[in-house]
Amino acid sequence: MTISLCTISFRHQLISLGEIASFARTSGFDGIELWGAHARSLSTHKDKHADWLSDYGLTVPMISDYLPLEGDEESLRRKTVELCLLARRWKASKIRTFAGGKASVDTTATDRQHLVARLRQVAAIVESYGIHLLVETHPNTLADTAASTIRLIEEVNHPALAINFDVLHVWEAGDDPVALHRSIGEFVQHYHLKNITDRRHFHVFSPGNVYSAAGDRKGMTPLFEGAVDYAAVIVRIPDIMAADVSLEWFGNDPMAVLSRDCQTLRQEFGFESAHEIRQNTASPHALPINIQI
């Protein structure tokens, strides 16, 4: 398992990427998932790129953005190419987007057909850059239920299309994450992990609330303290143990929560960080590192 933090966790803080990288490195993370807005804002910083980040022992597995699938076709093409170039700069192999902005049950057949065609077009562009396009399982999109997600994969039918599997959002839809993963596991290339104290608080993850500095954070909770039993989920979806995962935290005090969650995840399941693996490989007599909380 390679564990990344998301820069979107620091969307309301005045903090540099260098500070985030230093924190990630000392907290046991392997990588940084760049929010598209942050990747674009860094485009003028010529000294910030994948090689610079590798000095911290970190990589960028994915850039997470929101492609305007419903809008003008040429604008979509330009933004897709821009995102691919940013991914190339950071040596990211994946780009994350949402499949539209409306619940699948409320999407007409015509609108769905349009979105499917747009996703296929984007996937073709992304493929030409050697990158995969990941659609996230997320409310109010065409990947908001198990049935619609499976159908979407079949409809787009493109080798560059994959899934960013957000466990909590699958559970939010009333679906069993383990059962869905059994059906689409071969298409899953990344996992988002977060938790909540109770179903009553799902509204806190709505975009309008998440992006508001004054938004409600009640119900957001560390990974192993919420309604979803992640210890059981990880055991029942063994693919996670060899996958890229990002800890997605939208609440307060991100450094404390992310550090604790990363350490707990490694301690509970014995996952070494990429840095530890390199150290142990370089030194045949190195002892295993036990991370204490």
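We count residues from 1, following the sequence as given.
Rounding to the nearest 0.5 angstrom, the gap separating the OG1 atom in Thr137 from the CG atom in Asp166 is 5.0 Å. Expressed to the nearest 0.5 Å, how far CZ of Arg266 lies from CG of Asp261 amounts to 12.5 Å. Atom OG1 in Thr108 sits 9.5 Å away from atom CD in Gln113 (nearest 0.5 Å). Distance CZ/Arg217 to CH2/Trp249: 10.0 Å, rounded to 0.5 Å. Taking OG of Ser27 as the reference point, atom CE of Met255 lies at 7.5 Å (rounded to 0.5 Å). Once rounded to the nearest 0.5 Å, the distance linking CD1 of Ile196 with CG of Leu168 reads 6.0 Å.
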Verdict with reasoning, His190 to Ser246, per side-chain hydrogen bond (donor to acceptor under 3.5 Å, both in side chains):
CA-CA 8 Å; His190 204 99; Ser246 294; 2.8 Å; yes

Under the side-chain contact (heavy atoms from CB on, under 4.5 Å) rule, what do Arg77 and Ile125 come out as? Steps first, then yes or no, please.
CA-CA 8 Å; Arg77 188 197 67 79; Ile125 296 171; 3.7 Å; yes

Assess whether side-chain contact (heavy atoms from CB on, under 4.5 Å) is satisfied between Tyr129 and Leu83, documenting all intermediate values.
CA-CA 10 Å; Tyr129 285 86; Leu83 202 54; over 6 Å; no

Where do Leu223 and Leu247 land on the side-chain contact (heavy atoms from CB on, under 4.5 Å) test, with the steps shown first?
CA-CA 8 Å; Leu223 195 62; Leu247 303 185; 4.0 Å; yes

Working for side-chain contact (heavy atoms from CB on, under 4.5 Å), residues Ser64 and Leu34
CA-CA 6 Å; Ser64 289; Leu34 273 179; over 6 Å; no

Check against salt bridge (charged side-chain N to carboxylate O under 4.0 Å, His left out), Arg182 and Asp176:
CA-CA 10 Å; Arg182 194 177 299 123; Asp176 178 1; 5.7 Å; no

His38 and Thr7: CA distance, side-chain angles, deciding distance, side-chain hydrogen bond (donor to acceptor under 3.5 Å, both in side chains) verdict
CA-CA 8 Å; His38 290 157; Thr7 62; 2.8 Å; yes

Which is it for Arg260 and Glu225 under the salt bridge (charged side-chain N to carboxylate O under 4.0 Å, His left out) test, yes or no, and what are the steps along the way?
CA-CA 12 Å; Arg260 178 183 174 189; Glu225 298 177 15; 2.4 Å; yes

Could you go through Arg112 and Ser148, starting from their C-alpha distance and side-chain angles, then the distance that decides it, and tell me whether this counts as side-chain hydrogen bond (donor to acceptor under 3.5 Å, both in side chains)?
CA-CA 11 Å; Arg112 185 177 183 108; Ser148 187; 3.0 Å; yes

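Val156 places a side-chain heavy atom less than 4.5 Å from the side chain of Leu152. In this structure the side chain of Phe187 never reaches within 4.5 angstrom of the side chain of Leu161, judged on heavy atoms. A heavy-atom distance below 4.5 Å is found between the side chains of Leu258 and Phe23. Side-chain atoms of Ile95 and Met62, non-hydrogen and from C-beta on, never get closer than 4.5 Å to each other. Contact check for Val122 versus Leu69: side-chain heavy atoms found under the 4.5 Å cut-off. In this structure, Ile153 and Ile163 have side chains that are in contact, with non-hydrogen atoms separated by less than 4.5 Å. For the pair Tyr191/Leu193, a side-chain contact is recorded, criterion being any heavy-atom separation below 4.5 Å from C-beta on. No side-chain heavy atom of Trp90 sits less than 4.5 Å from a side-chain heavy atom of Thr59.
His45 places no side-chain N or O within donor-acceptor distance of the main-chain N or O of Asp47, the cut-off being under 3.5 Å. With Ser22 contributing its side chain and Glu19 its backbone, the two residues share no donor-acceptor pair below 3.5 Å. Of the possible polar contacts, one joining the His49 side chain to the Trp52 backbone as a donor-acceptor pair under 3.5 Å is found. Side chain of Arg11 to backbone of Phe250: a donor-acceptor contact under 3.5 angstrom is found. Counting only distance, with no hydrogens or angles, the side chain of Glu70 and the backbone of Gly101 share a donor-acceptor pair below 3.5 Å. Looking at Asn164, its side chain never comes within 3.5 Å of a backbone N or O of Arg96 through a donor-acceptor pair. The closest donor-acceptor contact from the side chain of Ser259 to the backbone of Ala256 lies at 3.5 Å or more, if one exists at all. Panel note: side chain Tyr230, backbone Lys194; a donor-acceptor pair is recorded below 3.5 Å.
Between Phe205 and His138, a ring centre-to-centre spacing not shorter than 6.0 Å is recorded. If you look at Phe165 and His181, their ring centroids are closer than 6.0 Å.
Classification of Arg25 and Asp30 as a salt-bridged pair fails, no side-chain N sitting under 4.0 Å from a carboxylate O. Checked for salt-bridge contact, Asp216 and Lys218 miss the test: no charged N lies under 4.0 Å from a carboxylate O. Of the charged side-chain nitrogens involved, none lies within less than 4.0 Å of a carboxylate oxygen, so that Glu82 and Lys79 do not count as a salt-bridged pair. Note on Arg120 versus Glu155: no salt bridge recorded, every NZ/NE/NH1/NH2 to OD/OE distance being 4.0 Å or above.
Through direct or relayed side-chain contacts under 4.5 Å between Ile, Leu, Val, Met, Phe, Trp and Tyr, Leu14 connects to no other residue.
Note: the hydrophobic cluster containing Val188 also contains Val135 (ILVMFWY, side chain heavy atoms under 4.5 Å, direct or indirect links).
Heavy atoms of other residues, nucleotides or ligands lying less than 6.0 angstrom from CZ of Arg200 number 12 at most.
When all heavy atoms of Phe224 and Ala231 are compared, the closest pair comes out as CE2-N, 4.0 Å. Between Ala37 and Asp65, the closest heavy-atom pair is N-OD1, 4.3 Å.
Looking at Ser43 and Arg89, their side chains never bring a donor and an acceptor atom within 3.5 Å of each other. In this structure, a donor-acceptor pair under 3.5 Å is absent between the side chains of Asp51 and Ser54. Of the N and O atoms on the side chains of Glu33 and His192, at least one donor lies less than 3.5 Å from an acceptor on the other residue.
Ring planes of Trp35 and Tyr211: parallel class, angle under 30° (limits at 30 and 60°).
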Could you go through residues 235-244 and list every donor-acceptor pair under 3.5 Å that involves a side-chain atom there, pairing it with any protein atom two or more places apart or in another chain?
from	atom 1	to	atom 2	distance (Å)
Asp244	OD1	Thr2	OG1	2.4
Asp244	OD2	Lys94	NZ	2.7

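The side-chain contact (heavy atoms from CB on, under 4.5 Å) with Val170 is formed by just one residue from the set Thr145, Asp144, Leu180; it is Leu180.
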